[in-house]
Amino acid sequence: MREIDHFIAGESYSSGERSGDVFDPNQGQVQAKVRLGTAADLEKAMDAAKAAQPAWAATNPQRRARIMFKFKELVEAHMDELAHALSLEHGKVIADAKGDVQRGLEVIEFATGIPQALKGEYSMGAGPGIDVYSMRQPLGIGAGITPFNFPAMIPMWMFGMAIACGNAFILKPSERDPTVPIRLAELMKEAGLPDGILNVVHGDKEMVDAILDHPDIKAVSFVGSSDIAQYIYSRGTANNKRVQAFGGAKNHGIVMPDADLDQVVNDLTGAAFGSAGERCMALPVVVPVGEETANALREKLIPAIEKLRVGVSTDPEAHYGPVVTKAHKEKVERYIQMAIDEGSELVVDGRGFKLQGHEEGFFIGPTFFDHVKPDMQTYKEEIFGPVLQMVRAKDFEEAVRLPSEHEYGNGVAIFTRNGHAAREFTARVNVGMVGVNVPIPVPVSYHSFGGWKRSGFGDTNQYGMEGMKFWTKNKIVTQRWPDGSASGENAFVIPTFA
């Protein structure tokens with residue numbers, strides 16, 4: 001049985017007896033054991049980080065950027081290896097796994113420009129002989145707690161920015177698919193990153209709490225479910241840490257009567273069922289405006305959904321593969337039954353799907369509900385599986401109100417040819433990320449990612465300039481070089497620079 005250990009101070013590190021199962025979701029069998037660490041393991045990683053960070057912070061930003069350039073080259077050279085390893089632990093198909101890696105690399109590309117991003121501001125002559133300037137300095141040691149659904153992208157979102165800014169970093173990836181995060185750390189070392197700057201520790205709640213309580217960890221970034229995000233934000237901030245914690249989602253796709261329905265169906269099937277729906281930016285709720293639009297969309301959706309191919313993650317013809325664990329499969333199926341019990345119309349039922357030769361795999365067929373109502377629990381909660389729900393809106397105002405009043409506010413999309421409707425919608429909707437004829441509006445790396453309401457806790461977003469600000473502290477210097485005449489008559493008056 002393959003064992004997956006921590007990565008501390010540039011090498012594999014094992015200790016303790018506790019471990020967790022890492023499944024092959026295609027077969028439904030355990031393929032590896034991952035070590036579950038303790039506070040003592042975190043302390044070893046912290047010792048390595050504290051020893052290495054001062055010299056790394058003193059390394060000029062251009063040299064730090066060169067390591068990011070080299071890391072990017074190495075990840076691209078190992079793309080197939082990383083995608084297959086990711087696919088075999090998570091279950092997403094190879095093409096989607098490559099997309100996972102690539103979207104992380106986009107943030108690494110932004111991090112290669114860190115010398116420009118870190119430049120401060122300068123005001124000459126702010127007062128008589130007085131200049132004022134600012135500088136961005138690293139916090140010291142940061143930590144990231146990442147989810148199973150993007151084991152390459154989200155770690156790179158976090159450690160790429162934090163390390164480029166001069167920090168050391170502790171990564172606690174999901175214990176469900178930990179191989180790729182370890183491999184990324186190895187490639188960072190190969191790229192020239194000093195030992196101790198990027199450490200990977202595995203674990204469950206015990207390790208999470210140790211991170212949140214450690215006095216030398218200055219900032220924590222998290223992506224996962226909303227309940228855990230709120231817990232991490234509360235406990236982390238109570239311990240005087242900076243925390244950005246991004247949670248769940250219930251993203252809506254608004255379909256206006258003038259939308260290109262063929263394009264909508266193509267986008268919806270990919271956004272709702274891609275990666276088996278295990279994306280915080282998936283599109284699990286479609287909101288057609290008007291009964292005529294709803295009926296026409298439904299007529300086109302049903303055959304498109306029925307044509308979707310569910311297969312093993314290495315099948316190049318498969319649209320999506322299995323969900324990550326048996327427990328998650330059972331959870332999604334409970335939600336399907338709950339939706340039936342609540343009165344939704346089950347149009348396409350994905351339960352009971354079996355793949356020949358992989359009967360124990362964690363597969364769920366695509367599922368589609370119509371006539372879902374906003375007061376239903378299955379509408380209010382995140383299902384995180386290959387389930388699409390249709391909520392019919394009578395008019396544009398209701399279509400704006402539905403995502404705006406939902407407790408989640410991660411992403412939303414509107415499909416329309418009407419520029420006025422799109423402009424009005426984007427201005428008014430109470431959601432953090434908006435797509436116009438774009439079903440999954442994850443921003444490019446030089447903007448930033450962040451949801452609203454229970455989708456995001458904290459006031460700073462991921463990556464981009466927002467990420468640079470999160471992983472640094474701003475120092476303002478007011479300086480005067482005396483000319484030798486010091487009367488001192490105003491020494492007890494606050495400077496006004498008049």
Side-chain angles (χ1 to χ4, degrees), residues 1-42 44-45 78-94 96-97 100-101 145-152 154-155 170-190 198-208 210-211 224 275-276 278 311-315 321-331 354-364:
M1 181 67 66
R2 181 168 60 97
E3 293 186 352
I4 303 169
D5 293 324
H6 311 293
F7 185 83
I8 297 175
E11 61 185 12
S12 181
Y13 174 74
S14 62
S15 72
E17 300 298 325
R18 289 200 315 134
S19 64
D21 293 335
V22 178
F23 288 90
D24 176 354
N26 298 288
Q27 302 289 352
Q29 298 174 352
V30 177
Q31 62 170 310
K33 294 283 188 179
V34 59
R35 200 168 299 279
L36 300 179
T38 65
D41 298 316
L42 176 63
K44 183 175 179 64
H78 290 83
M79 178 66 79
D80 288 342
E81 171 203 340
L82 290 166
H84 277 81
L86 193 161
S87 176
L88 291 175
E89 288 184 354
H90 175 278
K92 63 178 68 179
V93 297
I94 297 295
D96 197 26
D100 187 330
V101 178
I145 302 168
T146 59
F148 75 87
N149 59 324
F150 285 98
I154 295 178
I170 309 294
L171 174 63
K172 207 300 286 185
S174 171
E175 62 274 22
R176 298 180 189 178
D177 43 13
T179 293
V180 166
I182 289 289
R183 190 71 185 107
L184 292 174
E186 292 172 346
L187 292 175
M188 281 292 282
K189 175 183 171 73
E190 188 176 340
L198 176 57
N199 303 283
V200 183
V201 293
H202 306 294
D204 49 17
K205 186 176 185 296
E206 181 177 346
M207 180 60 76
V208 169
I211 289 171
S275 196
E278 295 172 318
V312 295
S313 57
T314 53
D315 179 357
V323 297
V324 68
T325 62
K326 182 180 181 181
H328 191 64
K329 177 178 184 288
E330 292 170 347
K331 176 184 176 182
K354 296 289 183 182
L355 194 64
Q356 186 175 2
H358 302 269
E359 287 80 7
E360 299 303 315
F362 308 138
F363 296 95
I364 305 174

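Scope of the values below: all heavy atoms of this structure, side chains included, with no hydrogens, waters or symmetry mates.
With a 4.5 Å cut-off on side-chain heavy atoms, Ser275 and Asn149 do not count as touching. For the pair Leu184/Leu198, no side-chain contact is recorded, criterion being any heavy-atom separation below 4.5 Å from C-beta on. Looking at heavy atoms from C-beta onward, Met207 lies in side-chain contact with Asp41 at the 4.5 angstrom threshold. Contact of the Lys326 side chain with the Phe23 side chain is not registered, since no non-hydrogen atoms from C-beta on lie closer than 4.5 Å. Put simply, the side chain of Glu3 does not reach to within 4.5 Å of the side chain of Ser19, judged on heavy atoms. Counting heavy atoms from C-beta on, the side chains of Asp177 and Leu86 never come closer than 4.5 Å. Counting only heavy atoms from C-beta outward, the side chains of Pro181 and Thr146 never approach each other to under 4.5 Å. Two residues are said to be in side-chain contact when any heavy atoms from C-beta on lie closer than 4.5 Å; Leu88 and Asn26 meet this criterion.
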**OP:** For the pair Leu187 and Leu82, evaluate side-chain contact (heavy atoms from CB on, under 4.5 Å) and give the outcome as yes or no after the intermediate values.
**Re:** CA-CA 11 Å; Leu187 292 175; Leu82 290 166; 4.2 Å; yes
Original post:
Checking side-chain contact (heavy atoms from CB on, under 4.5 Å) for the pair Asp315/Val93: CA distance, chi angles, key distance, verdict?
Top reply: CA-CA 7 Å; Asp315 179 357; Val93 297; over 6 Å; no
Subject >> Ile94 vs His84, side-chain contact (heavy atoms from CB on, under 4.5 Å): CA-CA, chis, key distance, verdict >> reply: CA-CA 6 Å; Ile94 297 295; His84 277 81; 3.7 Å; yes
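When all heavy atoms of Pro147 and Ser174 are compared, the pair lying nearest together is C-CB, 3.6 Å. The nearest pair of heavy atoms linking Gly321 to Ala276 is O-CB, 3.8 Å. The nearest pair of heavy atoms linking Val34 to Pro178 is CG2-CG, 3.7 Å. For the pair Ala185 and Phe7, the tightest heavy-atom approach, listed with the atom from each and the gap, is CB-CD2, 3.6 Å. The heavy-atom pair separating Ala45 from Asn199 by the smallest distance is O-ND2, 3.6 Å. Of all heavy-atom pairs between Pro322 and Ser313, the closest is CD-N, 4.4 Å.
Atoms CZ and OG1, from Phe148 and Thr325 in turn, are 7.0 Å apart once rounded to the nearest 0.5 Å. Rounding to the nearest 0.5 Å places CG of Asp24 at 9.0 Å from OG of Ser87. Interatomic distance, His78 NE2 to Glu186 CD, rounded to the nearest 0.5 Å: 9.5 Å. Note that the CG atom of Leu171 and the CD1 atom of Ile154 stand 11.0 Å from one another [nearest 0.5 Å]. Atom CD1 of Ile364 is separated from atom NE2 of His328 by 7.0 Å, given to the nearest 0.5 angstrom. Here the straight-line distance linking atom NZ of Lys172 with atom CD1 of Ile145 works out to 7.0 Å at 0.5 Å rounding.
Judged by distance alone, with hydrogens and angles left aside, the side-chain atoms of Glu359 form a donor-acceptor pair with the main-chain N or O of Gly357 at under 3.5 Å. Judged by distance alone, the side chain of Glu278 and the main-chain N or O of Val324 form a donor-acceptor pair under 3.5 Å.
Ring orientation note: the planes of His202 and His6 are close to parallel, at an angle under 30° on the 30°/60° scale.
Within the structure, salt bridge (charged side-chain N to carboxylate O under 4.0 Å, His left out) contacts touching residues 11-23 (residues at least two apart or in different chains) are Arg18-Asp204, Arg18-Glu206, Asp21-Lys33. Applying the salt bridge (charged side-chain N to carboxylate O under 4.0 Å, His left out) test to residues at least two apart or on different chains, the pairs with a partner in residues 78-93 are Arg2-Glu89, Asp80-Lys98, Glu81-Arg183, Lys92-Asp100.
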